[in-house]
**Student:** 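Okay, here's the structure, questions in a sec.
Just so you know, these numbers come straight off a predicted model, no measurement behind them.
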Amino acid sequence: MSYTAAVITISDKGARGERVDTSGPAIRAILESKGWNVTYTGIIPDEKEQIKSELIKCADDMNINLVLTTGGTGFSPRDITPEATLEVIERRTAGIPEAMRAESLRITPKGCLSRSEAGIRGRTLIINLPGSEKAAKENLMAVIDPVEHGLEMLLGNGSADCGEPHHHHHKKKAPSMDEWLREAKADSSASKVGMYLTHNGVVRGTAKAMVREGTKDAAPVTGMIFSYDKEKVEAAVADTYRQDGIHYVRVWLNEGELKVGDDIMFVLIGGDIRPHVVAGLDYLVGTLKNQCVSETELSC
């Protein structure tokens with residue numbers, strides 16, 4: 001199932017056009033890379049009634065499954081996103097912000113200062129993320145998979161079996177490479193980048209045995225069961241950042257039962273000079289294919 005999401009940036013300066021919002025687009029990119037349908041985005045000031053109005057609109061009028069806010073979770077007198085959230089939710093989901101703070105504390109002792117809240121209004125889950133792009137991404141990645149399982153329970157007629165692994169049989173919506181490049185060039189790393197290279201892998205109709213091993217009687221491929229190990233992918237990305245001259249890395253992987261021609265993966269690498277970027281792309285794609293993914297070809 002594909003879920004809908006809203007991303008609302010809460011920032012006085014952002015709402016006045018005095019600061020470029022990077023956390024909102026970054027959060028949207030993560031959601032879309034995982035197959036979510038982001039149907040609403042906005043930037044509003046740190047005003048409690050306006051925040052409450054946006055949250056209520058997304059939940060009650062637009063029936064959005066997941067609403068993520070970014071910003072307003074610190075100690076500043078204007079940071080009132082958690083208070084606004086508590087006034088509109090009906091049931092708290094305390095484990096979500098606890099998990100996000102635990103992840104932040106692994107990175108910095110200042111993670112304990114986050115006042116993020118999360119809760120349910122009707123059939124909508126609302127989660128507060130920090131305003132920092134880096135922290136917002138770290139917090140979201142810490143909970144996004146169990147959040148999807150929680151929504152399965154929230155939107156279902158009964159209780160999902162938490163003891164069973166959660167399998168995705170749908171294929172994801174592929175990202176826009178044009179949008180990826182725009183966001184990469186707006187990233188803080190852009191001033192160090194002299195070249196971006198992309199890779200788009202697709203399901204082919206010829207069997208791997210025929211292409212790589214020269215087998216002549218391999219049956220044509222009709223599709224593929226594709227999956228990946230999230231932790232190994234994250235490790236591969238981290239290792240790629242350690243390659244010479246690499247300053248920007250982004251990966252999207254599909255999953256589920258795919259057809260011939262469907263996208264398997266998108267990779268975007270940015271670096272200082274061509275030899276470094278070519279080497280970085282080759283390293284990452286090779287690592288993903290050989291260590292991180294599982295491909296089962298389907299044939300007639």
Side-chain angles (χ1 to χ4, degrees), residues 5-34 36 38 40-48 50-52 54-55 58-59 64 66-89 92-121 124-148 150 183 186-189 234 237-238 241 248 250:
V7 180
I8 302 171
T9 299
I10 300 171
S11 165
D12 287 333
K13 290 184 178 180
R16 293 195 299 263
E18 298 173 0
R19 174 183 295 164
V20 176
D21 175 31
T22 61
S23 59
I27 294 306
R28 176 174 185 165
I30 290 174
L31 290 171
E32 291 180 338
S33 75
K34 289 182 168 290
W36 292 70
V38 180
Y40 181 79
T41 61
I43 303 178
I44 60 174
D46 296 271
E47 297 288 347
K48 182 185 284 189
Q50 197 165 345
I51 297 170
K52 290 167 58 178
E54 281 284 278
L55 297 179
C58 289
I64 294 174
L66 174 67
V67 179
L68 297 176
T69 67
T70 172
T73 61
F75 280 24
S76 168
R78 294 285 290 171
D79 289 338
I80 41 76
T81 302
E83 286 70 28
T85 300
L86 289 172
E87 290 187 19
V88 302
I89 61 174
R92 292 181 70 194
T93 54
I96 294 174
E98 287 172 4
M100 295 193 302
R101 278 187 279 272
E103 175 64 18
S104 292
L105 281 167
R106 292 178 59 249
I107 300 167
T108 171
K110 294 179 182 178
C112 67
L113 302 179
S114 170
R115 300 189 307 107
S116 295
E117 289 285 350
I120 296 166
R121 179 182 177 89
T124 296
L125 176 61
I126 301 170
I127 302 174
N128 302 151
L129 297 172
S132 156
E133 177 187 345
K134 180 177 182 293
K137 291 191 292 186
E138 292 166 351
N139 277 221
L140 178 59
M141 291 302 296
V143 299
I144 188 61
D145 289 340
V147 159
E148 185 168 352
E183 291 171 0
D187 188 79
S188 58
S189 66
E234 291 175 350
V237 170
Y241 269 114
Y248 190 88
R250 191 164 179 180

**Student:** Could you grab the distance from atom CG of L68 to atom CG of N139, nearest 0.5 Å is fine?
**Tutor:** 11.0 Å

**Student:** Which residues pass the side chain to side chain donor-acceptor pair (under 3.5 Å) test with K48, sequence neighbours left out?
**Tutor:** E87

**Student:** Using salt bridge (charged side-chain N to carboxylate O under 4.0 Å, His left out) as the criterion, list what pairs up with K134, not counting sequence neighbours.
**Tutor:** E138

**Student:** To the nearest 0.5 Å, what is the distance between CD1 on I8 and CD1 on I43?
**Tutor:** 11.0 Å

**Student:** Nearest 0.5 Å, please: how far is OG in S116 from CE in M100?
**Tutor:** 4.5 Å

**Student:** Taking only residues two or more places apart in sequence, or in another chain, which ones meet E98 in a salt bridge (charged side-chain N to carboxylate O under 4.0 Å, His left out)?
**Tutor:** none

**Student:** Report the distance from atom CZ of R16 to atom OG of S11, rounding to the nearest 0.5 Å.
**Tutor:** 8.0 Å

**Student:** Side chain to side chain donor-acceptor pair (under 3.5 Å) with S33: which residues, sequence neighbours excluded?
**Tutor:** none

**Student:** Could you note down all residue pairs passing salt bridge (Lys or Arg N to Asp or Glu O under 4.0 Å) where residues 110-121 supplies at least one of them, sequence neighbours left out?
**Tutor:** D60-R121, E83-R115, R92-E117

**Student:** Nearest 0.5 Å, please: how far is CD1 in I51 from CG in D46?
**Tutor:** 6.0 Å

**Student:** Mind checking salt bridge (charged side-chain N to carboxylate O under 4.0 Å, His left out) for D79 and listing every partner two or more places apart, or none if nothing turns up?
**Tutor:** none

**Student:** For residues T73 and N128, is any side-chain donor paired with an opposing acceptor at under 3.5 Å?
**Tutor:** no

